[in-house]
Amino acid sequence: MNPRQQELAARIAGRRGAVRGPFRVWLHSPEMCERAESLGAFARFDCGLPEHLRELALLMAARNWDAQYSWNAHVRQAVEAGIPEAAVKAIAERREAVLDTESEQAFYQFCREILDEHFVSDGTFARALDHFGAKGLVDTIGALGNFTMLGMCLNTFQVDLQADREPPFPDIRGYERIVPGADRPRP
């Protein structure tokens with residue numbers, strides 16, 4: 001690594017414990033890495049959303065992009081932060097998740113609509129706005145955008161799954177979608 005990459009790697013390791021996953025890719029472009037790390041740090045640690053909703057948004061974006069590394073890196077954190085295991089399993093299986101509170105369900109619906117439909121209905125927007133305010137929704141979109149970029153990076157550069165983790169999604173093997181119930185790529 002050149003001196004700029006070494007400096008960034010040291011800063012990332014200091015904040016996150018190590019240089020893992022997407023950061024190993026992003027370091028090829030120090031300018032991109034610096035900006036992605038800054039946005040990622042805001043989305044993960046500093047935005048106005050509570051931790052359990054930040055982790056829920058990360059899992060939803062990871063599943064949307066089939067980003068197995070990202071999912072595996074955060075699934076325990078999401079459960080420990082308060083996301084019900086049944087909801088996590090439903091998201092992994094692309095089923096409707098049920099959360100514990102009205103505000104969590106409103107957040108889930110808001111994220112699901114923007115990720116799946118690329119739009120949010122007026123009713124869903126009003127419901128989420130009532131719970132989280134404009135700042136909360138802007139932070140949500142920023143977090144989802146960051147987590148989407150993360151998933152795209154991980155999949156494009158085929159960042160290996162953590163050695164101690166199983167593939168989390170029933171329809172993905174390696175970096176290919178498979179026919180449900182089979183271990184072969186979709187035709």
Side-chain angles (χ1 to χ4, degrees), residues 12 15-16 20-23 25-26 32-84 87-157 159 168-169 171-172 175 177:
I12 291 165
R15 177 177 237 163
R16 297 171 182 268
R20 296 184 278 267
F23 298 105
V25 175
W26 286 330
M32 173 65 189
C33 183
E34 183 169 40
R35 287 161 177 87
E37 195 282 327
S38 179
L39 177 58
F42 174 78
R44 288 267 330 282
F45 308 117
D46 300 326
C47 78
L49 299 170
E51 179 186 10
H52 73 294
L53 295 183
R54 293 189 311 258
E55 293 295 337
L56 176 60
L58 193 146
L59 290 185
M60 292 180 73
R63 184 53 173 129
N64 187 68
W65 284 94
D66 303 319
Q68 300 169 93
Y69 181 97
S70 187
W71 179 279
N72 281 345
H74 288 273
V75 68
R76 278 191 225 134
Q77 292 173 346
V79 171
E80 289 170 4
I83 302 302
V88 170
K89 184 175 183 185
I91 294 166
E93 296 173 354
R94 294 194 189 275
R95 293 183 293 107
E96 189 72 21
V98 176
L99 285 298
D100 291 337
T101 68
E102 163 58 22
S103 63
E104 292 168 345
Q105 200 65 42
F107 183 84
Y108 169 80
Q109 184 66 26
F110 179 86
C111 293
R112 190 191 63 71
E113 284 186 24
I114 196 64
L115 289 169
D116 292 352
E117 306 298 326
H118 308 156
F119 301 96
V120 177
S121 70
D122 291 345
T124 296
F125 182 85
R127 181 178 167 207
L129 184 65
D130 190 47
H131 286 286
F132 303 103
K135 181 186 182 323
L137 296 187
V138 169
D139 285 356
T140 300
I141 294 300
L144 287 171
N146 175 75
F147 303 147
T148 292
M149 178 177 62
L150 176 69
M152 293 168 67
C153 174
L154 293 167
N155 286 351
T156 299
F157 291 92
V159 174
F169 309 133
D171 59 334
I172 305 295
Y175 291 90
R177 193 165 311 285

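Everything quoted here is computed from the prediction, not taken from an experiment. Positions are given from 1 along the sequence.
- Atom CG in Leu144 sits 11.0 Å away from atom CG in Asp139 (nearest 0.5 Å).
- More than 12 non-hydrogen atoms from other residues, nucleotides or ligands lie less than 6.0 angstrom from NZ of Lys135.
- Screening residues 90-143 for ring-ring contact (aromatic ring centres under 6.0 Å, His included), with sequence neighbours left out, gives Phe107-Phe132.
- Shortest non-hydrogen contact noted between Gly151 and Ala67 is CA-CB, 3.6 Å.
- Asn155 CG to Gln68 CD: the interatomic distance, rounded to the nearest 0.5 Å, is 7.5 Å.
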Q) Would Gln105 and Gln109 satisfy side-chain hydrogen bond (donor to acceptor under 3.5 Å, both in side chains), going step by step from the backbone distance to the final call? A) CA-CA 6 Å; Gln105 200 65 42; Gln109 184 66 26; 5.4 Å; no
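- Contact check for Met60 versus Phe147: no side-chain heavy atoms found under the 4.5 Å cut-off.
- How far SG of Cys111 is from CD1 of Ile141: 7.0 Å, rounded to the nearest 0.5 Å.
- Residue Ile12 comes nearest to Cys33 through the heavy atom pair CD1-SG, 3.6 Å, listed as atom of the first residue, atom of the second, then distance.
- For residues 38-52, every residue pair satisfying the side-chain hydrogen bond (donor to acceptor under 3.5 Å, both in side chains) rule, not counting sequence neighbours, is listed here: His52-Glu104.
- Residues Ile91 and Arg63 come closest through the heavy atom pair O-CG, 3.2 Å.
- Residues Glu55 and Glu80 are not in side-chain contact: their nearest non-hydrogen atoms beyond the backbone lie 4.5 Å or more apart.
- The CD1 atom of Ile83 sits 11.5 Å away from the CG atom of Leu58 when rounded to the nearest 0.5 Å.
- Atom-to-atom distance recorded for Ser70:OG and Met152:CE is 13.5 Å, nearest 0.5 angstrom.
- Counted within 6.0 Å of CZ on Arg94, heavy atoms from surrounding residues, nucleotides or ligands total more than 12; the atom is thus considered enclosed.
- In this structure, SG in Cys153 is found 9.5 Å from CZ in Phe23, a value given to the nearest 0.5 Å.
- With respect to Pro168, the side-chain contact (heavy atoms from CB on, under 4.5 Å) criterion is satisfied by exactly one of Asp66, Leu59, Asn72: Asn72.
- Across all non-hydrogen atoms, the minimal contact from Leu150 to Pro22 is CD1-CG, 3.0 Å.
- Around atom CZ of Arg95, more than 12 heavy atoms belonging to other residues, nucleotides or ligands sit under 6.0 Å away.
- Within the 4.5 Å cutoff, the side chain of Trp71 has no heavy atoms near those of the Leu154 side chain.
- Across all non-hydrogen atoms, the minimal contact from Asn146 to Ala36 is OD1-O, 4.0 Å.
- When all heavy atoms of Ala41 and Arg15 are compared, the pair lying nearest together is CB-NH1, 3.2 Å.
- The closest side-chain heavy-atom distance from Thr140 to Leu53 is not below 4.5 Å.
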